[in-house]
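In what follows, a structure is listed as structure tokens, so that the remarks can point back to it.
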Amino acid sequence: MIPETINHAGANGEENPLLEVIDLKTWFPIKRGLFSIGAGNVRAVDGVSFTINRNETLGLVGESGCGKTTLGRTLLQLEKASGGEILFNGVSIPSLGRREMNRLRRHIQVIFQDPLSSLNPRMNVMDIVTEGLVQFGMIEGSRQEHAARLLQEVGLGRDAIHRWPHEFSGGQRQRISIARALSLKPDLIICDEAVSALDVSVQAQVINLLLKLQESHRLSYLFISHDVSVVSNIADRVAVMYLGQIVEIGNAADIIGNPMHPYTRVLIAAVPVAGGKRIDAHIVRGEAPSPASPPEGCRFHPRCPEVMAHCKQMPPPVTTLENGRMVMCHLYG
Amino acid sequence: MNNQLLDIRNLSVRFDTDEGAFNAVDDISLHIDRGESVGLVGESGCGKSVTALAITRLIPSPPGHIESGQVIFEEHDLLRLKPSALRNIRGASISMIFQEPHSALSPLHRIGRQMIEAIRFHREMSKTAAWEYARDWLSKVGIADAEERMYAYPFQLSGGMQQRIMIAMALMLSPALVIADEPTTALDVTTQAQIFSLIRDMKENDASLLLITHDMGVVWEMCDRVVVMYASRIVEYGALNDIFVNPVHPYTIGLLKAIPTLAVGGKGRLAAIPGQVPSPLAYPKGCNFQDRCEHVSDRCLQDNPALFEINTGHAAACVLADKGDITPAG
């Protein structure tokens, strides 16, 4: 059973994490030929563990195909987990029935990259932002009042209520998506490349809005992005994902200021910084291999600038350091 | 001989749409010297891509047409050239690299065939010689198993590899000018870094580069000079240091401040520019940036500001740059 309101403290009075993910796996079977013979699995998410506390933002960075979007979708049960556990406020998400899961959805909302395709073009803004409220029977008073209040929170005027998604610019549409996500008073919002399609000047506005809403609503975010710079400006903690695995996780300032995993270093060094030192391209080699056939040993070894002989055979050990920092690399094992 | 390779003079491009007519590019002038890399930056819809397409007359028409101006390239006005003469320039003297290689490559033909076709259109070369020439270029841009890749279809290759092929095709005929429109935007940062160094290495043969991007970091990596566009107009231009160290136009200053940098000190608010870009169908009278500018004055609401020169090669279209004693630059 899911309680209507979530207890913000555990049984013993101490705060437990809002979300706890343990050894999560999402594999997609590859089928070939006439009889759909199994030809292995694409291991999109392959043994991922992390926690998100209340009022905290975990930034999840990685390049395209690393599994970060699949991870977000698995948390929402839009993909089925192949193994592992997801505990949301102590409740196991994969073992929930459909009706129970639908009730839990109120607490976990999502904002996607492209608001134009995630907003129904045939619904006006009022219907979009209050649809969830109606669905969950949370409407008191008029829909119009609710909509106006939500739009005000995201910096849009009352005049937006009766307009349609296509009438807005990209930044305004993303504000509408945020208002919709906010409407159900969620605890966790999964932002999947939520600001990636926006122009710089508007992107900064939306990041600031997300930060403001986090303070006023005690929200937690899972902020998924390929952009390390953006993540470093919004996240309390950062997880770096490569080929289905989290290779490093820790406080944002520690990860950005002192990256330990060679992949994290490469990822940070490859960001062009206006006014900074020009990038030395020789630090990065090749492209990420397919998650259908990840390399033996450490998955990063074919591209790693610090590769050693045993990296090619043995999977790297998980090293836990102070301040909740974890790194998965032979350099520290 | 003149050192200027490309000289765009007072170019205006007009679009006639169902909602109304507007200038996507409004009276802009810019030049590129031989061997120089110029970054054209601005946000989506500011007219930077339309400018790039106008140079080689690739504006889709209708709805667009070049209203006025000149594009002087090696002493010819490209806007008045016969189509056959223009075809000989496109792809050879001026080549283009687009953001999405998979839409620029033909999905129906193998890589080798596409490359050979381009080579033999511009050069007298046997099929065998063109094949070898193309294959060698694939190796030069860092593609392993080049011979094998010549037989591949674009969909069989990753985005990074497709972009390498686009770069090979853009450079293989020794162009004088390469126009690159957001060449790394669709790529991962690690691949982007590889593409940067590739374009830098390849430019050693003195080609000029017009790089169109929304990313100031990319400009810093690749360019000698910067031209900033906002709402169909050029608002500031200058050398790399003029723009990054001493920007004058409030939009340039705001844009630089709004870029999220690697925050070592943890999370925090960014300096955003308030408001949004006006619709090209409803540009205000006077300066297009007036609604978002903190220095707005009566004068800004009246006149579209001219580009005032701040020092040699650095100018801003803002009354703040008007010292009163200097004449407007170009």
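Naming convention: chains lettered A, B, ... in sequence-line order (proteins, then strands); numbering from 1 in each chain.
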For residues [X] and [Y], report the shortest heavy-atom separation together with the two atoms involved.
X      : Y      : result
A:I207 : B:L270 : CD1-CD1, 3.6 Å
A:A270 : B:A193 : CB-CB, 4.2 Å
B:A258 : A:A204 : O-CB, 3.9 Å
B:V218 : A:P272 : N-CB, 4.1 Å
A:Q205 : B:G275 : NE2-O, 2.8 Å

Rounded to the nearest 0.5 angstrom, the OG-CD distance for A:S201 and B:Q276 is 9.5 Å
Rounded to the nearest 0.5 Å, what separates atom CD1 in B:I273 from atom CD in A:Q203?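 These two atoms lie 12.0 Å from each other.
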Of A:N258, A:L267, A:D236, A:I268, the largest count of non-hydrogen pairs under 4.5 angstrom with chain B goes to A:D236
Okay, B:L240 and chain A: the region with an atom under 4.5 Å from a heavy atom over there is side chain
Assert top hit (heavy-atom pairs under 4.5 Å, partner chain A, pool B:G142, B:A272, B:S279, B:A144) equals B:A272
| request: For chain A, find which of B:L255, B:V277, B:L262 contributes the most heavy-atom pairs closer than 4.5 angstrom. | output: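 Option with the top pair count is B:L262.
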query: Can A:T57 and B:K267 be said to form a side chain to side chain contact (heavy atoms under 4.5 Å, CB included), step by step?
result: CA-CA 10 Å; A:T57 303; B:K267 71 177 183 182; 4.0 Å; yes
For residues 243-256 of chain A against chain B, heavy atoms under 4.5 Å, the residues are A:A253, A:I256
Residues 152-161 of chain B vs chain A, non-hydrogen distance cutoff under 4.5 Å, contacting residues -> B:S158, B:G160, B:M161
Within residues 43-51 of chain B, contacts to chain A at heavy-atom distances under 4.5 Å involve B:E43, B:S44
Before giving the answer on side chain to side chain contact (heavy atoms under 4.5 Å, CB included), spell out for A:N233 and B:R269 the whole-Å C-alpha distance, their side-chain angles and the decisive distance to 0.1 Å. CA-CA 7 Å; A:N233 281 279; B:R269 304 265 164 100; over 6 Å; no
ring-ring contact (aromatic ring centres under 6.0 Å, His included) pairs touching residues 210-234 of chain B, sequence neighbours excluded, are B:W220-B:F244, B:Y230-B:Y251, B:Y230-B:F289
Notebook entry, point to check: Are B:T190 and A:R303 close enough that some pair of their side-chain heavy atoms sits under 4.5 Å apart?
Noted result: yes
